[in-house]
Amino acid sequence: MKVLLTGSAGFIGAAIAGQLEAAGDEVVRVDLMLEKAHGVSTAPEGTHQLDVRDAAQWGPLIDGVDAVCHQAALVGAGVAVGDLPEYAAHNDLGTAALLAAMHDAGVARLVLASSMVVYGEGRYACPTHGAQTPPARTVAALDSGDFDNHCPVCAQPLGWELVDERARLDPRSTYAASKLAQEHYTSAWVRQADASAVALRYHNVYGPGMPRDTPYSGVAAMFRSSLERGEAPQVFEDGGQMRDFVHVADVARANVVALRAVTEGGSGRYDAYNVCSGEPVSILDVARALAAATGSDLEPVVTGDFRTGDVRHVVASPQRAGADLGFTARIGPEEGLAEFATAPLRA
Ligand SMILES: NC(=O)c1ccc[n+]([C@@H]2O[C@H](COP(=O)([O-])OP(=O)(O)OC[C@H]3O[C@@H](n4cnc5c(N)ncnc54)[C@H](O)[C@@H]3O)[C@@H](O)[C@H]2O)c1
């Protein structure tokens, strides 16, 4: 298979390129080397330093590829309102330009990197009233240390359940809105271009090569960076937030499996899948696991601080990716986080 891989110099893109090449597939690597992701640095050897927004000008690069694996994006939480145009440019416009260029070049198979952030809050149930969609948590409640979502009927704290792909989509940040837009452009393109695509909704990805301590890097990297500085990891809320941490090697393998499924299958397919470990873990337990594995005697500090855009729990069902794609994660959080505690990070 010949695959054009966007975002190939990124944390996940580099892992995908490695697995494809190890399997004997040909990889055309494209990455803008965005300063927000890489600082000022030059493209790794073999990488075409190009912008997905200019995909119409790529010419022969895209000709003859069997599929595109689209990882390029501006990632992170969408920290400032002023970041809105930049997320829309790299993520919305970038995806639209790529899809149009693929159509012009006769390339009709795509795997898209999507995200759990398209769901917003996770899935909840009240012990008495069953499945519930809670209203957003208020600043007053968070200020008073009440971090749970509550049943709209009886106000009891709601318990978490696994989110599946049919869940309501409710992006809560600029970044999340742009990831959902990528899914929408892709499903429209599948219909208009008689194409096929799979969107992979990654949960919290971690592993070697993860970006270090920036506003855009994940919580596991931030905890690790604190430990390296000899500081205790600072855990927001009460640390009870539940997430699914999935290892980058599993995420890369999910992409390889999905690329084979779209290239070998017929047209007209658009499916979205959770890519997760299936083993929910609390944020406090992640901080503890990293501290323990680094051999540090620093205990994580639960600060009670909060960020208004954060969701309480979001954990996923791996069932559909297992049934349709034959993908199941192999590295659970216990093993993966212990390895990650001392793995190299991206500067
Ligand atoms: N890391 C996670 O936990 C996570 C979770 C869910 C989804 N994702 C998605 O996975 C994908 C890869 O993320 P990552 O964690 O490897 O981030 P990353 O920042 O390491 O990689 C993204 C890459 O895209 C490149 N890029 C950005 N804009 C570009 C443009 N206009 N043209 C060409 N290249 C451009 C950057 O230079 C960077 O190398 C993204 O689409 C992201 O939204 C990541």
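Reckoned from all heavy atoms, side chains included, excluding hydrogens, waters and symmetry mates. Everything quoted here is computed from the prediction, not taken from an experiment. Numbering of ligands and ligand atoms starts at 1, following listing order.
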- Query: Which is it for L34 and ligand 1 at heavy atoms under 4.0 Å: side chain, backbone, both or neither?
  - Reply: both
- Message: Nearest non-hydrogen contact with atom 13 (O) of ligand 1 belongs to which option: D31, L74, V75?
- Response: V75
- Of all the heavy-atom pairs spanning V30 and T47, show the shortest one and how long it is. C-CG2, 4.4 Å
- Message: When you measure from the heavy atoms of Y175 to every atom of ligand 1, does any distance fall below 4.0 Å?
- Response: yes
- Message: Taking R29 first and then D31, would you say they form a salt bridge - that is, a charged N and a carboxylate O separated by under 4.0 Å?
- Response: no
- Message: Tell me whether R201 reaches ligand 1 (any heavy atom closer than 4.0 angstrom to a ligand atom).
- Response: no
- Item | Non-hydrogen atom of D51 closer than 4.0 Å to ligand 1 | yes
- Task: Looking only at distances, please establish whether an N/O atom of ligand 1 is found under 3.5 Å from an N/O atom of N204.
- Result: no
- Query: How does H38 reach ligand 1, by side chain, by backbone, by both or by neither, if only non-hydrogen atoms under 4.0 Å count?
  - Reply: side chain
- Query: Regarding R307 and the six-membered ring of F236, is the cationic atom NZ or CZ under 6.0 Å from the ring centre and inside 45° of its axis?
  - Reply: no
- Query: Below 3.5 angstrom, do we get any N/O pair linking Q182 and ligand 1?
  - Reply: no
- Message: Does ligand 1 come near enough to R346 that some N or O of the ligand is less than 3.5 Å from an N or O of the residue?
- Response: yes
- Task: Identify which of A14, A37, S114 has a heavy atom lying nearest to atom 19 (O) of ligand 1.
- Result: A37
- Query: Looking only at non-hydrogen atoms, which of V219, V52, L98 approaches atom 30 (C) of ligand 1 most closely?
  - Reply: V52
- Task: Just let me know how M33 lines up against ligand 1, side chain, backbone, both or neither, with a heavy-atom cut-off below 4.0 Å.
- Result: backbone
- Message: Checking the N or O distance criterion of under 3.5 Å, is ligand 1 in contact with F11?
- Response: yes
- Message: Side chain or backbone, does P211 bring an N or O within less than 3.5 Å of an N or O on ligand 1?
- Response: no
